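Only one structure is covered here, and it is reproduced in the block below.
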Amino acid sequence: MSSGTIDIDEFENADPDEFEDRNDTERIVLFLDKNDDRAWKAATIAERLGLDTDAVSAILSRLKERGLVRHKRPYWAITDNKERLQSAYRLHRQHEAADDEYGEERLEALRTDEMDDVQ
């Protein structure tokens, strides 16, 4: 995780919105998209973003299932299907807007006595 500080050169060279609160998945997708001319090892992505390598690997696997990243062991790259990426981003923003307006859904709050536990 982040130490709470960054190098002053990183600060000076950053885009104005670069340090907004983003979840780890967003940070990984944005990193890969910004660096779409290269493929990266999960450990390198983790190091660059200050994240745990195992967490990055798990997120990358989920992104691959959604068709948002490409993988050739041991490297990862953003999808070359920009339309799919833009569509996923729009959907993500719509979900965020709904969460902001109505609050996040919690499965336990929606559970009824009639629901069977998935095993």
Side-chain angles (χ1 to χ4, degrees):
M1 286 301 194
S2 174
S3 67
T5 66
I6 60 170
D7 181 87
I8 195 65
D9 291 330
E10 182 181 355
F11 172 81
E12 293 295 341
N13 294 320
D15 293 330
D17 65 345
E18 188 166 335
F19 304 118
E20 288 181 20
D21 243 0
R22 300 193 188 281
N23 69 39
D24 294 346
T25 302
E26 285 178 299
R27 292 178 63 209
I28 291 168
V29 169
L30 289 170
F31 174 82
L32 290 174
D33 191 38
K34 185 176 182 178
N35 298 285
D36 64 351
D37 61 331
R38 305 194 60 80
W40 302 82
K41 290 183 178 181
T44 305
I45 296 169
E47 180 182 318
R48 293 277 182 106
L49 297 178
L51 300 171
D52 178 74
T53 301
D54 291 337
V56 169
S57 294
I59 291 168
L60 288 168
S61 293
R62 287 193 301 272
L63 290 169
K64 182 182 176 200
E65 289 172 7
R66 296 180 195 157
L68 298 175
V69 297
R70 298 173 283 164
H71 180 53
K72 290 183 182 178
R73 280 199 175 124
Y75 295 100
W76 297 87
I78 198 71
T79 182
D80 54 0
N81 184 339
K82 296 300 180 183
E83 184 177 315
R84 181 168 185 78
L85 187 61
Q86 290 170 348
S87 177
Y89 183 76
R90 281 191 303 272
L91 180 61
H92 173 71
R93 287 294 176 209
Q94 289 170 346
H95 282 237
E96 277 189 338
D99 285 347
D100 288 345
E101 187 166 338
Y102 303 111
E104 291 184 38
E105 288 184 359
R106 301 281 183 230
L107 181 57
E108 290 305 315
L110 301 173
R111 185 173 297 281
T112 66
D113 291 337
E114 291 80 30
M115 292 175 75
D116 292 331
D117 288 336
V118 177
Q119 299 197 26

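What you see below is based on every heavy atom in this structure, not just the backbone, and it leaves out hydrogens, waters and symmetry mates. Since the structure is predicted, the reported quantities are computational estimates derived from the model, not experimental observations.
Of the possible polar contacts, one joining the N35 side chain to the F31 backbone as a donor-acceptor pair under 3.5 Å is found. Of the possible polar contacts, one joining the D52 side chain to the A55 backbone as a donor-acceptor pair under 3.5 Å is found.
Using a 4.5 Å cut-off on side-chain heavy atoms (C-beta onward), L51 and R27 make contact. In this structure the side chain of D36 reaches within 4.5 angstrom of the side chain of K82, judged on heavy atoms. Proximity of K41 to Y75: side-chain heavy atoms (C-beta onward) are separated by under 4.5 Å at one or more points.
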Taking only distance into account, with no hydrogens and no angle test, what donor-acceptor pairs under 3.5 Å do side-chain atoms of residues 57-70 form with protein atoms, sequence neighbours excluded?
residue: S57; atom: OG; partner: T53; partner atom: O; Å: 3.1
residue: S61; atom: OG; partner: S57; partner atom: O; Å: 3.1
residue: R70; atom: NE; partner: I78; partner atom: O; Å: 2.9
residue: R70; atom: NH2; partner: I78; partner atom: O; Å: 2.9

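If you take CG on L32 and CD1 on I45, they are separated by 4.5 Å, rounding to the nearest 0.5 Å.
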